[in-house]
Amino acid sequence: MKIAVLVKQVPGSESPLSIADNNIWLDEEKVAYIMNESDNYALEEALLLKEGTQDCEVVVVSLGPERVKKIIREGLAKGADRGIHLNINSNDLTDPLSIAKIFADALKSENFDLILSGLQSDDLGHGQTGIIIGELLNMSTGSLAVSTKLDGNQIAIKQELEAGFFQNVRMTLPASITIQSGLNTPRYPSLKGIMGAKKKEIKTLDIDSLDQSLKISKLYLPSSSNEITMIDGSSDQIVESLVKVFKSEIKI
Amino acid sequence: MNILVVLEDNNGAIHRMSLEAIVAAQEISLKLKSNITVLAMGKNADALALEASKYELNEILKINSSSLNGYSSDGYAIAIEQIILENDFRYVFFGHTYQVRDYVPKISAKLMRPFLADNIKMSTSDGSIEFTKQTFNAKLLADIQTSDSGVYLVSFQSASFSSDDLRSGSSEIKKIDIEIDETQIKNTYEEPFQESAGGVDLTSADIIVSVGRGIGEADNISIAKDLALALGGQLSSSRPVVDAGWLSPDHQVGSSGQSVSPKLYLALGISGAIQHVVGMKGSKNIVAINKDPEAPIFEIANYGIVGDIFEIVPKLIESLK
C-alpha cells in the first residue's frame, strides 16, 4: 500500500507577516516557516495507518522552493519512508487549481492508493488542493475526515459536518482525503528518526513556472472598519473600566 | 451576464447561507446588468424551488433526480458541471458550507476553472467582480480579480451578506433533466448524526466566557470557569482547546461546533481565526483580551484589551464579587 502525504510550508502563527513592496505577497525574508498544522495531522494519520498495515510505504510530498526540503525531512524524521520535492522557484503560489495539476501530473505514475493532506493551509486557506488532485487523478475524494479506517480496498472515514454533526462515508481506493486537525496526536521525531532521515531518499523534480488563473491583486492589513473601544491602563484600571462597561454599556 | 446560485438543502428549507448567496447575486445585479438563476436539486428540490419562487430572480432550475436524493460529492459535482456546460454562466455562487467545501473543488477540477472560496466582500469594476477573502488566519486580506472570460465558482463566508436584504419578487420554476452515470458515484454515505449531547447548551446563554489557545494549559481553565460563574454565564472555547482535550467538544464555538449570539461574549486568549469567528460574530457585545495587539479578534470585537489574561481575569473576578 502506498500513501502520499502532501505537506505545505507556511508562516508559523507567531511569524511576522510583512507585506512585500509589490503588495501582492509577503516579504519572505522575514517569515518563520513551519509545516502547515493540518498537514502535520495528515502525516500522523498516514503514519498510524502504516503502523496498522502490512507492507505500507508513506511518501511525503511538498511543492515549493529549496526551503521546503526542511519539512520533507521533518516528515522523514517522523517515520515517512521517502520524500518528493516538487521544486519550483516561485514565492507566490496562489492558485489551487494549477498547484493541484502540478501534484497530479507529478504523482500520477506513482499510483498512490491514498493521498492525505490537511483540510486547508494556514496561509491562503483555499481548502481545495487535495480534493482537486483526487478528482484530476480520478480517485474518490473526501474532506474534513476526523477518523480513517482501512478495510480491504475501501476506506471508511468519519466526516465532520457543521454544528456538531458527523457523517460516516465509505470510499473506494484510490482515495484522496483531506484531514481535519485534532484527530490524532502528532508525534515528535525521535533522535534516531532524525538521524535516520538523512539516509532516506528525497527525489527532486524541477517544475517550470505555472500559469495561475487565481492571482492576488492586493494583499493588505484589514483596516478597522469596526469601531472598537480599546481599554488600557494598569490591570487595576482595566478591570475598573471593564466593570463599568459591563454595568452601564452592556447592562449585565 | 448570468449568475447561477446553487441552493443547499436545510431539511426542506433553503440553507441560510444559500439565501445570503442570493443576496450577493441580487447586489451584483444592481450594479452590473445580470440575470440570476438559482438551482434546486436533491430530495427536497420541489420545496427549495417553491421557496425560491418568492424572491426576485430570473429563473429557477429544478432537478428531480433519484441519483441526487442523497448527497454525494460526485453526484452533485457531475450535475452542476452539466448545468454549467449547458448554460452560459459567468459566476456560480455558493454559501461556503462544509458540503460546498466537499464537492465544489471537484467541479473546479472538471471544468479547469478557479474556485474562489470563503469570500467576505465583493466590489465591481470594468464589468467584472473583485472578491476579498481573509488569509493567514484572518490577519491579512487578499483581493482577487476575475477578469478571464470563463466561469468562476465563488463561495461566501457565513453572514457576509444578510438574508434580511433579500428582494422579493416572483419567478418561474423550470424542471430540467440531467444524466448521472451512477457508476461515477464512488462514495457511500450514511445518515448524518450527532454525538451524545453533552448538556452544554451555549445557544441560549446570555453571557459566555470563552477560552482559546492563549489559556495555555488545562489547569488554567479554572480562572475562566470562575469568571463565568461570577458573571452568571457559560464557559466555551475555540477548537484548539477541545483538540488538546482540555474541554469536551460540546464547549466548542465555531463552524464545527455551536453558533452563539449572547449579550456578552468574553474572548480570552482567542486569536480570532475564521472558523471560530463565524460561530460567534452574531454576539451583541464582544470583549476580547489578548496579549497580541494584532490578533484578528480585535477586528470584530466591540471592546479590546491588549493584556495578560492571567493578570486581568483574577482581578476581574474579585471586582465582581
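Below, chains carry the letters A, B, ... as their sequence lines are ordered, and counting in each starts from 1. No experiment lies behind these values; they were computed from the predicted model shown.
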Under 6.0 Å from the [atom1] atom of [X], do we count more than 12 heavy atoms belonging to anything else shown?
X	atom1	value
B:Arg213	CZ	no
A:Asp151	CG	yes
B:Glu294	CD	no
A:Asp208	CG	no

Do [X] and [Y] have side chains that get closer than 4.5 Å, going by heavy atoms?
X	Y	result
A:Val243	B:Leu316	yes
B:Ile289	A:Ile238	no
A:Leu221	B:Glu299	no
A:Gln159	B:Tyr189	yes
A:Leu214	B:Leu116	yes
A:Leu119	B:Arg101	yes
A:Ile132	B:Phe115	no

Using a 4.5 angstrom heavy-atom cutoff, name the option from [options] with the most pairs to chain A.
options	answer
B:Ala138, B:Pro192, B:Ser271	B:Pro192
B:Pro240, B:Ala117, B:Ala142, B:Gly254	B:Ala142
B:Gln258, B:Lys139, B:Glu191, B:Gln252	B:Lys139
B:Leu264, B:Asp148, B:Ile274, B:Asp308	B:Leu264
B:Gln99, B:Met112, B:Lys284	B:Met112

Practice prompt. Evaluate side chain to side chain contact (heavy atoms under 4.5 Å, CB included) for A:Ile231 paired with B:Val287, printing each intermediate quantity in order.
Written response: CA-CA 10 Å; A:Ile231 301 175; B:Val287 176; 5.8 Å; no
Please give me the minimum heavy-atom distance between [X] and [Y], naming the atom from each residue.
X	Y	value
B:Lys106	A:Thr141	NZ-OG1, 2.6 Å
B:Gln194	A:Ala163	NE2-O, 3.8 Å
B:Glu190	A:Gln167	O-NE2, 2.8 Å

Practice prompt. For chain B, find which of A:Gln154, A:Gln120, A:Glu240, A:Gln212 contributes the most heavy-atom pairs closer than 4.5 angstrom.
Written response: A:Gln120
Worksheet item: If you count heavy-atom pairs under 4.5 Å with chain B, which of A:Lys247, A:Lys158, A:Glu14 comes out on top?
Response: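 Top count of heavy-atom pairs under 4.5 Å with chain B: A:Lys158.
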Which answer fits [X], side chain, backbone, both or neither, if we ask what part of it has an atom under 4.5 Å from a heavy atom of chain A?
X	answer
B:Asn137	both
B:Ser73	side chain
B:Leu111	neither
B:Ile286	neither
B:Asp292	neither
B:Lys133	side chain
B:Asp102	both

Discussion item. Checking the side chain of B:Glu311 only, and the main-chain atoms of A:Ser235 only, is there a donor and an acceptor separated by less than 3.5 Å?
Written reply: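 No; zero donor-acceptor contacts below 3.5 Å.
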Discussion item. Can a donor-acceptor pair be found, under 3.5 Å and without considering hydrogens, that links the side chain of B:Lys263 to the backbone of A:Lys251?
Written reply: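 Pair found, side chain donor or acceptor close to backbone of A:Lys251.
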Inter-residue atom distance [X].[atom1] - [Y].[atom2], 0.5 Å rounding:
X	Y	atom1	atom2	value
A:Leu242	B:Leu266	CG	CG	7.0 Å
B:Leu141	A:Leu219	CG	CG	8.5 Å
B:Ile312	A:Asp236	CD1	CG	10.0 Å
A:Ile155	B:Asn187	CD1	CG	11.0 Å
A:Glu135	B:Asp74	CD	CG	6.5 Å
A:Ser121	B:Phe136	OG	CZ	8.5 Å

Practice prompt. Verify the distance criterion only: is there a donor paired with an acceptor across the side chains of A:Ser217 and B:Asp143 at less than 3.5 Å?
Written response: no
Item to complete: Any chance you could lay out the salt bridge (charged side-chain N to carboxylate O under 4.0 Å, His left out) test for A:Glu37 and B:Arg239, step after step, and finish with the verdict?
Response: CA-CA 13 Å; A:Glu37 187 175 21; B:Arg239 190 193 189 98; over 6 Å; no
Worksheet item: Which is it for A:Ile252 and B:Leu231 under the side chain to side chain contact (heavy atoms under 4.5 Å, CB included) test, yes or no, and what are the steps along the way?
Response: CA-CA 8 Å; A:Ile252 50 157; B:Leu231 286 168; 4.0 Å; yes
Discussion item. Set out, in order, the CA-CA distance, both residues' side-chain angles and the distance that settles salt bridge (charged side-chain N to carboxylate O under 4.0 Å, His left out) for A:Lys218 and B:Glu130, then state yes or no.
Written reply: CA-CA 11 Å; A:Lys218 190 172 165 219; B:Glu130 184 178 77; over 6 Å; no
Worksheet item: Stepwise, does the side chain to side chain donor-acceptor pair (under 3.5 Å) test hold for B:Asn302 with A:Glu249?
Response: CA-CA 11 Å; B:Asn302 304 97; A:Glu249 308 283 325; over 6 Å; no
